[in-house]
Amino acid sequence: MDGTANPQFLFIKKGVSHSDMEEWTDAVRSRRKKLGLTQVQVARRLGVTSHHFSQIESGRTSPSASLQMEIDRLLKNWNDEPELALMFDYMRVRFPTHDAKTVITKILGLTPEHLIFEEHGFYGYSAMYIFSNIQVMVAPVGSNLGTLVEMKGQGCREFEGILLSHGENWYDYFLRVDEAGGIFKRVDIAINDMVGLLNIPELVDKCLNNECISVMRSFQGLQSGKLVDLDEVGRGNTLYVGTMKSDVYFCIYEKAAEQAAKRGISIADTPIINRFEIRLKNERAIKAIENMLITRDAEKVAFGIITRYMRFVDEVPDKSRLKWPVNERWAYFLGKGRQPIRLTTDPQPFELNKTKAWLQKQVMPTLKVIKEIDNYFGTTDLQLMIKDAELTDKHLKLIEQQTVGSEELGGDMFGQ
């Protein structure tokens, strides 16, 4: 908190007295009630369960210093639900150690025995440990690759659940990575447009009309960028800015149309209309995380990157292109006149969606045939086949991962 904070709201560091913590929780409860908010509302905005927030507010659970700061900031600057939501959607970190089990326990907060071990890896690594959608790569003997941790979209959501189970947030993880000498190799920041602030076809047209100014190509617009206006029904429009080989790369697309086509649902049933992805690699990824740790302001860092690299303008005849005014819709998206947003989380339990989808498509029709034949002849072949099936160590690990309880992970996220 800065010096302008409400004196009743105090940032309580670890190791403080019980009376100071009571004073802080009383202030949190008082401020929440004054705003007319329920614990569920506050918990949802924080990205934690209502039970976890209730435990914090009652003093039965002590949150991390980072989570305390987030609670103070949220209640001090409460606004209605934002039009935009910002979250991490991909993360790859390399550690200068071959001791993968220490990374698993000390950095990720997991138990190695819960992970599946595979004798193959990616990016030059020879093996990996897997916990649902979280992968820990192991380097071959004699290599200087160290240990690599990779989390894709669902992996980030699951790791948020792990952080929540320990009363932590992303900043706590970043600090541990920094203390362990970890290097961020890639970080994707997703800005979810919940109400349609962005108009992707309009942005594509502006690029084609030279109304996008980008430092990526010496203010030459996006002629060298990749513009994709997908013609496939239901797939929506996508705009790529930059190249995948660069350390900064933007992808703007119609998320609702993509999800509707992918999942076979109505666009109206998808909460996210558009998505703006900032994909950072190497030094750019490292710098972004450093700035987030310094400012604790993910919005400032994310939109600062966008502003530095590109802007959409409106053409004015007889004026220099560099003096064309910023497009109003774009200015609003960047923050002019809209309410501020914060780093949000969407912690989710570990899932087998990919496996279930494969089973539904490839296996279930055949099993249904056998079941129908069983029903016709009064046999139990299907039950016997399931009963006699032998589970490998990998199968047993999958059961273990999907049924791991809250006591083992130290929180309430996974017992629900």
Side-chain angles (χ1 to χ4, degrees), residues 88-163 170 172-190 243-249 251 277-290 348 350-355 357-358 392-402 404 409:
F88 291 108
D89 200 54
Y90 183 96
M91 203 163 293
R92 188 192 302 163
V93 185
R94 188 174 69 193
F95 295 90
T97 176
H98 287 163
D99 188 355
K101 290 188 176 181
T102 295
V103 172
I104 291 169
T105 56
K106 302 297 184 182
I107 308 298
L108 299 180
L110 291 169
T111 303
E113 288 71 25
H114 289 152
L115 277 69
I116 297 170
F117 183 76
E118 295 277 6
E119 293 185 348
H120 67 87
F122 305 102
Y123 318 115
Y125 289 83
S126 59
M128 60 182 173
Y129 291 93
I130 303 172
F131 196 101
S132 194
N133 292 283
I134 300 170
Q135 298 176 330
V136 182
M137 310 283 179
V138 180
V141 177
S143 168
N144 61 355
L145 289 175
T147 300
L148 188 77
V149 175
E150 182 178 58
M151 307 173 197
K152 296 181 181 178
Q154 182 63 26
C156 288
R157 307 287 76 77
E158 293 169 352
F159 188 62
E160 286 169 349
I162 295 171
L163 290 171
W170 280 110
D172 297 296
Y173 174 64
F174 296 158
L175 287 171
R176 284 200 296 274
V177 170
D178 183 61
E179 291 170 358
I183 299 174
F184 288 89
K185 301 300 294 180
R186 178 176 161 183
V187 173
D188 287 7
I189 304 170
T243 65
M244 295 187 70
K245 293 182 179 179
S246 65
D247 284 355
V248 181
Y249 178 59
C251 176
E277 290 183 0
I278 305 171
R279 301 176 185 176
L280 307 169
K281 293 191 296 185
N282 303 319
E283 289 299 322
R284 296 301 181 188
I286 294 170
K287 191 65 177 178
I289 298 299
E290 286 179 351
Q348 296 178 13
F350 311 120
E351 47 84 13
L352 287 170
N353 285 345
K354 289 184 179 179
T355 302
W358 177 79
T392 65
D393 289 341
K394 181 177 180 179
H395 294 136
L396 295 174
K397 286 287 185 182
L398 283 173
I399 294 173
E400 189 176 275
Q401 287 185 6
Q402 297 298 310
V404 62
L409 284 174

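Throughout, numbering of the chain's residues begins at 1 and tracks the sequence. Bear in mind the structure is a predicted one, so any value in this text is a computation, not a measurement.
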Flag the pair Glu179 / Val177 as yes when at least one side-chain heavy-atom distance between them is below 4.5 Å, and no otherwise.
no
Heavy-atom distance under 4.5 Å between the side chains of Tyr123 and Glu150, does that happen here?
yes
Sequence neighbours excluded, which residues qualify as side-chain hydrogen bond (donor to acceptor under 3.5 Å, both in side chains) partners of Gln135?
none
State whether Lys101 and Asp99 are salt-bridged, where the test is any N-O pair (Lys NZ or Arg NE/NH1/NH2 against Asp/Glu carboxylate O) under 4.0 Å.
no
Atom pair OH (Tyr90) and CD1 (Ile189), whose distance is rounded to the nearest 0.5 Å
14.5 Å
With Glu277 via salt bridge (charged side-chain N to carboxylate O under 4.0 Å, His left out) - residues at least two apart
Arg275, Arg279
Thr147 (side chain) donor-acceptor with Thr97 (main chain) under 3.5 angstrom
yes
Please check this pair: side chain of Ser143 against backbone of Ala139, looking for a donor-acceptor N/O pair closer than 3.5 Å.
no
Which one of Lys152, Glu158, Gln154, Arg157 satisfies the side-chain hydrogen bond (donor to acceptor under 3.5 Å, both in side chains) criterion with Asn133?
Glu158
Please name the pair of heavy atoms, one in Gly181 and one in Pro96, separated by the smallest distance, quoted to 0.1 Å.
O-CD, 3.3 Å
For the rings on Phe88 and Phe159, is their centre-to-centre separation under 6.0 Å?
no
Not counting sequence neighbours, which residues clear ring-ring contact (aromatic ring centres under 6.0 Å, His included) with Tyr125? List them please.
none
